[in-house]
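Notes follow once the structure below has been shown.
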Number of protein chains: 2
Amino acid sequence: MKFAKIPMATITRLSVYMRTLQDLLEDDVDVISSERLARLCGVNPAQIRKDLAYFGEFGVRGVGYRVGDLLGQIKEILGLTRRWNLAMVGLGNLGSALIRHANFLKHGYMFTAAFDVDPQKVGKRLPNGLVINHVNEIEEVVKEREVNVGLITTPASAAQSVANQLVLAGINGILNFAPVQIQVPDCCHVENVDFTISLDTIAYHLSVSS
Amino acid sequence: MKFAKIPMATITRLSVYMRTLQDLLEDDVDVISSERLARLCGVNPAQIRKDLAYFGEFGVRGVGYRVGDLLGQIKEILGLTRRWNLAMVGLGNLGSALIRHANFLKHGYMFTAAFDVDPQKVGKRLPNGLVINHVNEIEEVVKEREVNVGLITTPASAAQSVANQLVLAGINGILNFAPVQIQVPDCCHVENVDFTISLDTIAYHLSVSS
DNA sequence: CAAATTATGTGAATAATATCACATAACTAG
DNA sequence: CTAGTTATGTGATATTATTCACATAATTTG
Ligand SMILES: NC(=O)c1ccc[n+]([C@@H]2O[C@H](COP(=O)([O-])OP(=O)(O)OC[C@H]3O[C@@H](n4cnc5c(N)ncnc54)[C@H](O)[C@@H]3O)[C@@H](O)[C@H]2O)c1
Ligand SMILES: NC(=O)c1ccc[n+]([C@@H]2O[C@H](COP(=O)([O-])OP(=O)(O)OC[C@H]3O[C@@H](n4cnc5c(N)ncnc54)[C@H](O)[C@@H]3O)[C@@H](O)[C@H]2O)c1
């Protein structure tokens, strides 16, 4: 089943499976069936098998999946067996909270640069040891420190301009927390995170069901 | 086109349209075409028209949509013409950053309760004036302050137990930031926010395209 | 007041995604 | 070594979501 076009939805689920498998591994579970894993991940068992089938055969029929093996395979598929260097742009409320979050490290991500425009912030040292650079140093610092992915946590009004600078610096992955749609060339992959959308979804559900 | 089953994806897009319309309104744009709105939101124009058609006819043929009108209609659809009371559970890094975020207010959401287990935190007053309660007061406080939605920003290990308490207190909407799938009865709607999934997606894209 | 223009609303076509259902393979027990 | 059991891998099917393409209605222009 190789060489088929991989659904986007499959990739996001692989990430969910990975997290669950990590927990299972820590709990010394060494084999798991698609059925049990599906329950833990909140999906259909056949979905898991289909998702994995795009990349190969990782299970043992009549038995299930070896937790450690499958975890390793998924990491391989997602490209998480290497390190990814991150840059945070906008060290306000959210940016600071995120950069303090040690959990990223566990997953192979590492912040190697931080940028802001606020002269009060530029030059300051963050808890993780990083010194905040000015945004107009993005190109230089990104290249020097081999940053792969940029996280945008500036106000919405600054997001597009920051994105432009990141792209110019050669970055081709952006995680955007500002509630605007940013425009980038095809070479750059953007993911948006906006939990006000999720809140709105909840509001809708509560409204219609009451 | 009324009474059809509404796709989930439509609801999340309505939320995106809403934000863009809000920006347009602030910029004193008073009419917009599906084509221009689509470009701003990063979707297909027909998609916008289809999405809206589930709920009625809000545009003027040959002209477009009146920004203020459409904004009002979408708010009505999503149930955002009223106030929604929120409770934050887990006032660590992330929870504190979120609760400080004034933008929620603008959209009709208001934090009316905050909970933690840490005795160091219980009793403390947050910047917005809220005093942190102990988690075992959830049921009482949630009912008293008419909380509609709970936000979970505790460590993953505590998320399920917190969810149980919220459900017991009568809450039927949860926004979960912990990277676990929580189990709740059908009466409760859960949305998960996990940006490590988005990061993983970026890693995958960078891996396959290089 | 036609004719031209514009952009909505929507049925039909297409594409993407999820689920079913079962043949297949591994393991277990007698 | 055979029969029974279990759970994977996958073609077929069902469901859901997106895009096309055009009839329709409002507006503007000559
Ligand atoms: N904080 C939250 O809980 C939350 C929730 C949802 C969405 N968001 C979004 O995340 C973004 C950040 O939110 P926040 O609460 O951290 O805001 P904030 O105002 O606390 O921080 C923004 C930071 O960006 C910096 N900045 C401004 N312009 C810049 C530029 N051109 N280049 C680099 N840095 C620049 C500012 O100096 C500041 O440090 C916003 O777009 C917001 O809408 C935040
Ligand atoms: N901070 C981030 O940037 C980030 C990023 C991704 C995911 N997350 C997730 O968000 C959650 C919170 O992250 P954080 O960085 O704020 O962690 P944190 O440790 O800073 O905060 C957790 C808070 O929850 C409280 N808590 C623990 N058990 C509790 C319980 N049973 N009831 C109520 N409160 C309880 C703790 O006292 C603490 O105040 C975690 O699940 C984390 O994985 C955070």
Side-chain angles (χ1 to χ4, degrees), chain A residues 1-17 20-21 24 29-71 73-74 77 181 197 201 204, chain B residues 1-17 20-21 24 29-71 73-74 77 181 197 201 204:
Chain A
M1 281 307 81
K2 292 256 169 165
F3 303 123
K5 209 175 82 317
I6 316 295
M8 239 349 254
T10 290
I11 301 305
T12 64
R13 279 190 301 265
L14 285 178
S15 178
V16 174
Y17 306 157
T20 303
L21 289 167
L24 289 168
V29 177
D30 49 68
V31 172
I32 192 155
S33 66
S34 59
E35 186 165 330
R36 237 165 48 80
L37 184 58
R39 220 186 338 268
L40 291 170
C41 297
V43 301
N44 180 297
Q47 184 78 82
I48 294 187
R49 301 198 296 273
K50 251 287 144 74
D51 285 339
L52 296 174
Y54 286 111
F55 302 96
E57 306 196 0
F58 306 120
V60 184
R61 296 187 185 201
V63 179
Y65 300 90
R66 297 207 53 90
V67 173
D69 284 3
L70 185 56
L71 181 56
Q73 295 282 3
I74 294 182
I77 292 166
Q181 190 65 27
I197 294 176
T201 306
Y204 171 77
Chain B
M1 273 300 81
K2 290 260 168 162
F3 303 123
K5 211 173 83 313
I6 316 295
M8 236 353 250
T10 289
I11 301 304
T12 64
R13 278 190 301 265
L14 285 179
S15 177
V16 174
Y17 305 157
T20 304
L21 289 167
L24 289 168
V29 176
D30 48 67
V31 171
I32 191 156
S33 66
S34 60
E35 187 164 330
R36 242 168 42 83
L37 184 58
R39 221 187 338 269
L40 291 170
C41 298
V43 302
N44 180 295
Q47 184 79 81
I48 293 187
R49 302 199 294 273
K50 252 285 142 77
D51 285 338
L52 296 174
Y54 286 111
F55 302 97
E57 306 196 359
F58 306 120
V60 183
R61 296 187 186 202
V63 180
Y65 301 89
R66 296 206 55 87
V67 173
D69 285 3
L70 185 55
L71 181 56
Q73 294 282 2
I74 293 181
I77 292 164
Q181 190 66 26
I197 293 176
T201 306
Y204 170 78

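Just so we're on the same page: letters track the sequence lines, and every chain starts at 1.
Ranked by how close their nearest DNA chain D nucleotide is to the 5' end, A:Leu52 and B:Val63 are led by A:Leu52. With the nearest nucleotide of DNA chain C identified for both A:Asn44 and B:Glu57, B:Glu57 has the one nearer the 5' end. Sequence order on DNA chain C of the closest nucleotides to A:Arg61 and A:Thr10 puts A:Thr10 first from the 5' end.
Inter-residue side-chain proximity for A:Ile32 and A:Thr20 is flagged as unmet; no heavy-atom pair is nearer than 4.5 Å.
Distance A:Gln47 CD to C:dA21 C1': 16 Å, rounded to the nearest Å. In this structure, the CZ atom of B:Phe58 is 13 Å from the C1' atom of C:dT8, given to the nearest Å. Atom pair B:Leu70:CG and C:dA7:C1' shows a separation of 14 Å (rounding to whole Å applied). Here C:dT19 presents its P atom at 14 Å from CD of A:Glu35, a figure rounded to the nearest Å. Counting to the nearest Å, the C1' atom of D:dA7 and the CZ atom of A:Arg66 are 15 Å from each other. Rounded to a whole Å, the NZ atom of B:Lys50 is 12 Å from the C1' atom of C:dT14. To the nearest angstrom, C1' of D:dA17 lies 13 Å from CE of B:Met8. To the nearest angstrom, C1' of C:dT8 lies 15 Å from CG of B:Asp69.
Minimum interatomic distance between B:Cys41 and B:Tyr17 (heavy atoms only, all atoms of both residues): SG-CD2, 3.8 Å. Summarising the geometry of A:Tyr204 relative to B:Ile77, their closest heavy-atom pair is CD1-O, 3.4 Å, with the distance given to 0.1 Å. Here the closest heavy-atom approach between residue A:Leu40 and residue A:Leu24 is recorded as CD1-CD2, 4.0 Å.
The side chain of B:Tyr65 contributes an N or O atom lying less than 4.0 Å from OP1 or OP2 of C:dG9. Taking side-chain N and O atoms only, B:Arg13 has a distance below 4.0 Å to OP1 or OP2 of D:dT18.
Residue contacts for A:Arg36: at a heavy-atom cut-off of 4.0 Å it reaches no nucleic acid atom on any strand shown.
Picking from D:dC20, C:dT8, C:dA21 the nucleotide with the shortest atom distance to the side chain of B:Ser34 gives C:dT8. For A:Ala9, taking side-chain heavy atoms from C-beta onward, the closest of the listed nucleotides D:dT10, C:dA18, C:dT10 is C:dA18.
Only one option out of A:Arg49, A:Arg39, A:Lys50 pairs with A:Ser34 in a side-chain hydrogen bond (donor to acceptor under 3.5 Å, both in side chains); it is A:Arg49.
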